[in-house]
Undergrad: 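Quick one: this structure, given as structure tokens, is what I'll be asking you about.
So that the names make sense, note that chain A is the first sequence line, chain B the second, and so on, each numbered from 1.
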There are 4 protein chains.
Amino acid sequence: MARTVGSHGPKTMEAIRKAGLKLIHEHGYEAMTLRQLAAEVGVQVGSLYNHISTKQDLLYDLIKTHMDALFAELAKVEAKTAGQGPVERLKAFIFFHVTYHILRKREVFIGASELRSLDPNHYEDIVGLRRQYEKRLMAILDDGRAQGLFQIPDIAVAAYGILAMLTGVCTWFRPSGRLSREDVAQVYCDMVLRGLVPDSQLSDTCSLR
Amino acid sequence: MARTVGSHGPKTMEAIRKAGLKLIHEHGYEAMTLRQLAAEVGVQVGSLYNHISTKQDLLYDLIKTHMDALFAELAKVEAKTAGQGPVERLKAFIFFHVTYHILRKREVFIGASELRSLDPNHYEDIVGLRRQYEKRLMAILDDGRAQGLFQIPDIAVAAYGILAMLTGVCTWFRPSGRLSREDVAQVYCDMVLRGLVPDSQLSDTCSLR
Amino acid sequence: MARTVGSHGPKTMEAIRKAGLKLIHEHGYEAMTLRQLAAEVGVQVGSLYNHISTKQDLLYDLIKTHMDALFAELAKVEAKTAGQGPVERLKAFIFFHVTYHILRKREVFIGASELRSLDPNHYEDIVGLRRQYEKRLMAILDDGRAQGLFQIPDIAVAAYGILAMLTGVCTWFRPSGRLSREDVAQVYCDMVLRGLVPDSQLSDTCSLR
Amino acid sequence: MARTVGSHGPKTMEAIRKAGLKLIHEHGYEAMTLRQLAAEVGVQVGSLYNHISTKQDLLYDLIKTHMDALFAELAKVEAKTAGQGPVERLKAFIFFHVTYHILRKREVFIGASELRSLDPNHYEDIVGLRRQYEKRLMAILDDGRAQGLFQIPDIAVAAYGILAMLTGVCTWFRPSGRLSREDVAQVYCDMVLRGLVPDSQLSDTCSLR
DNA sequence: AATGAATGAGCATTCATTCAT
DNA sequence: CATGAATGAATGCTCATTCAT
């Protein structure tokens, strides 16, 4: 495709990453071939190996880079809300998570759906990071419950549910849609926070058993 | 593996489906090879073609069968709650969705993550079914909003969020865990319903902008 | 090349072995490609893998088969001369070794020159067999020395020297040449036996030091 | 390996030759890659081409250099024994050949086993030199036979046999072994000379036919 | 001289699929 | 129905070689 004639040096690596992101998102890691990748970059297949050591390594590189960026951004948000109450911190977390997942939908999608294609060592590495990320949310939920603000029967289940809901955004969100990034974040923020407060009159009636 | 020596007749097709479900869940459709499949069934590769017409067709068959079963079960639940109010119908939907997704986690996982491997015709077919399923939930939400029971700024966004949360269960649920299927359904049922009721005092404060 | 249309079953494996022997002898194991091999057999490259598991395995198979045949033939010769004196047994060994190495020059050449291309396990295996073969000669030399028939300062060095001399035959022998197989065997038999007898008047003068 | 950081000038060419000798001896010419060679030298692959014109040319260079050295050394020995009798000249040849082949075992091994990897022109060139070398031995044997000192039914066969025996030394000789270079030369010298003298009583009995 | 990136051909191996037996 | 052998295209990766810097 876009044959960047004479593209050299670090530019090529950047082009490989970008093209890899696109193609893995479109076809999946297993289905993407290095010939496709090379064509997209505008380079011969063999040349890829001046920049990556292995197809598997490219996948790990993309996912790891994404995870590192995710943590770096989360750290900024946490710094800004340090010392505030659980509600404020949860709001900040939700806004961050939703907007980040909309902006980086390809990285996020790959980081979740291609985990199984990582070889064992890389897999453990990334899954470890994902668990850390989940724990950052759990810590907020735990705080809120301890302060009597949230009613949460099981912290982990709640966290998994919230993350799944928020992350789902990168599957269906279209920039051209009715709602903006912030609108969506706001809608989910409301829904989640209401879902955690104890005094809703409907809650205790919810049983089919 | 389970070498069903001398497996004959319709048993073989059933063994293929079962093994296919397992292997696609483990490795993904692209990564599963017919040689793996044949070995798992205890048959030579060529013999598979007495039962399936193509690898792609096996995938479609598995997903379509799953979707049909999903709709059949949903129909039963809807029949049982026909005429009841939105809250009761939503509770029923959530319980059904969660428990079904726990029981059929492999089918569900494949039905979502391998969509992209379907060829165009099959893809349209299945995506159409998935949209119908989403609409069944949206109908309940719409009803509840019309009756002033739910506060929902955007029906589609809410539905996607709820489905993502509930479906996530098939990623992390372990039968040996703390909570039973019904416990998890109850937790999510409470969280979702509270999230939709209008009078929570925190809801209007949720803004970082 | 010789496209044996519809060649099936064990015939193909035999054709692969034969072609492999020829091509490895001509080009060396590393330099032979499976495309060459397939063309020689008259088959597609992929089809080779219905019969061999790996290029490396073909090499091992060829060498191992050769070594087994070598030992089987040697056993016959040893059986025929069992109970005879060292001189007779040595003569028999030399005749056997020379004629066998002329008749099976390709197998012998490969079995010596491609050892280094065997992977470690296979290498150890084959080298072990070669050592056993050398020991069969050493046993004869040892016997002869014990009975005072041979004058041998170092059994191993003598054995290596004799084997190298005899084996060299497969490098230069041409069936169309002046001497027949038996002629060559006779010449080497004479030379080796004279080389081992104690009373030659020249032997003790051989020193440059 | 031995990363000669910043190796410059003619030193690099010498390092390439040395590393090439080592790697070809270890892996064979076809199996040695220029990447291995570059790594061994401590240089990037591209840099090799400032010193060699082609992989093939390196091989030829190594073998030709070896052959030239071999002839140069042989010339010295011949000069020293010029005018002496065949027995003395043969002893000198054997001592020279054995000790040279022990000292330069890698060059010798490559010069024999990688002939087939030379392209046609180079091949003819080197094979011609090898024939000349063989003829130097044949000349001695011929002289000895003419003077009635040696009993040799076929000069060429005898020469090939003797050379194979002596050359074999570079396959098994270890400096740490029981025998020194000179010991081995002595053993072979005795064996060969005895093998050529006419009056051994065993010689005429050597027949199995 | 040395480097790093590029090339294009080639490699061993695997794949889904076909088909005579 | 099952099998084993065949096909032909494709895959990830490596190679010797080139060349601008």
Undergrad: Establish, with yes or no, whether the OP1 or OP2 oxygen of dG4(E) is under 4.0 angstrom from a side-chain nitrogen or oxygen of Q44(D).
TA: yes
Undergrad: What is the distance, rounded to the nearest whole Å, between atom CD of Q56(A) and atom P of dG12(F)?
TA: 12 Å
Undergrad: Give a yes/no on whether any side-chain N or O of H51(A) is located under 4.0 angstrom from OP1 or OP2 of dA6(E).
TA: yes
Undergrad: Nearest heavy atom decides the nucleotide; on that basis, is L48(C) or I52(A) closer to the 5' end of DNA chain F?
TA: L48(C)
Undergrad: Tell me which one of R17(D), K18(D), K22(D) satisfies salt bridge (charged side-chain N to carboxylate O under 4.0 Å, His left out) with E40(D).
TA: K22(D)
Undergrad: Just to be sure I understand the rule, does T33(C) reach a base, reach only the sugar-phosphate, or reach nothing, if contact means heavy atoms closer than 4.0 Å?
TA: sugar-phosphate
Undergrad: Check whether any side-chain N or O of Q56(A) sits under 3.5 Å from a backbone N or O of D119(A) as a donor-acceptor pair, and report yes or no.
TA: yes
Undergrad: According to a strict under-4.0 Å criterion, is T54(D) in side-chain N/O contact with OP1 or OP2 of dT17(F)?
TA: yes
Undergrad: Looking only at heavy atoms, which two atoms of V108(A) and C170(A) are closest? And how far apart?
TA: CG1-SG, 3.7 Å
Undergrad: Can you tell which of dC13(F), dT14(E), dT18(F) lies closest to the side chain of Y49(D)?
TA: dT18(F)
Undergrad: Let's test your reading of the model: under 3.5 Å, does the base of dG12(F) pair with the side chain of R35(A) as donor and acceptor?
TA: yes
Undergrad: Taking OP1 and OP2 of dA1(E), is either one under 4.0 Å from a side-chain nitrogen or oxygen of S47(D)?
TA: no
Undergrad: What is the distance, to the nearest angstrom, from the CD1 atom on I16(D) to the P atom on dA16(F)?
TA: 14 Å
Undergrad: My understanding is that a pair needs two contacts under 3.5 Å, Watson-Crick or G-U wobble. By that rule, which nucleotide pairs with dG8(E)?
TA: dC15(F)
Undergrad: Select from M32(D) and E30(A) the residue whose nearest nucleotide in DNA chain F is closer to the 5' end of that strand.
TA: E30(A)
Undergrad: Name the residue closer to the 5' end of DNA chain E, choosing between A31(C) and S53(C) according to the nucleotide with the nearest heavy atom.
TA: A31(C)
Undergrad: What is the distance from CG of L37(D) to P of dT14(F), rounded to the nearest Å?
TA: 18 Å
Undergrad: Can you tell me the distance, in whole Å, between the CD atom of Q36(A) and the P atom of dA10(F)?
TA: 12 Å
Undergrad: Of the nucleotides dT7(F), dT18(F), dA16(E), which one has an atom closest to the side chain of V43(C)?
TA: dT7(F)
Undergrad: Roughly, in whole Å, what's the span from OH in Y29(D) to C1' in dC15(F)?
TA: 12 Å
Undergrad: Taking the side chain of N50(A) as heavy atoms from C-beta outward, which of dA16(F), dA16(E), dA5(E) is closest to it?
TA: dA5(E)
Undergrad: Using 4.0 Å as the upper bound for N to carboxylate O, is an ion pair formed by R116(C) and E114(D)?
TA: yes
Undergrad: So which nucleotide does dT21(E) pair with, by the Watson-Crick or G-U wobble rule with both distances under 3.5 Å?
TA: dA2(F)
Undergrad: Could you please name the option among dA2(F), dA1(E), dA16(F) that lies closest to any side-chain atom of L34(D)?
TA: dA16(F)
Undergrad: Does the plane of the ring in Y60(A) sit parallel, tilted or perpendicular to the ring in H122(A)? Use 30° and 60° as the thresholds.
TA: parallel
Undergrad: Round to the nearest Å and state the distance from L58(B) atom CG to dT17(E) atom P.
TA: 10 Å
Undergrad: So, does T12(D) get its side chain near the phosphate of dA1(E), meaning an N or O under 4.0 Å from OP1 or OP2?
TA: no
Undergrad: Taking CD1 from I24(D) and P from dA16(F), how many angstroms apart are they, rounded to a whole number?
TA: 11 Å
Undergrad: Need to verify one output field. Residue with the more 5' nearest nucleotide on DNA chain E, K55(C) or V45(B)?
TA: K55(C)
Undergrad: What are the two closest heavy atoms between A15(A) and V41(A), and how far apart are they?
TA: O-CG2, 3.9 Å
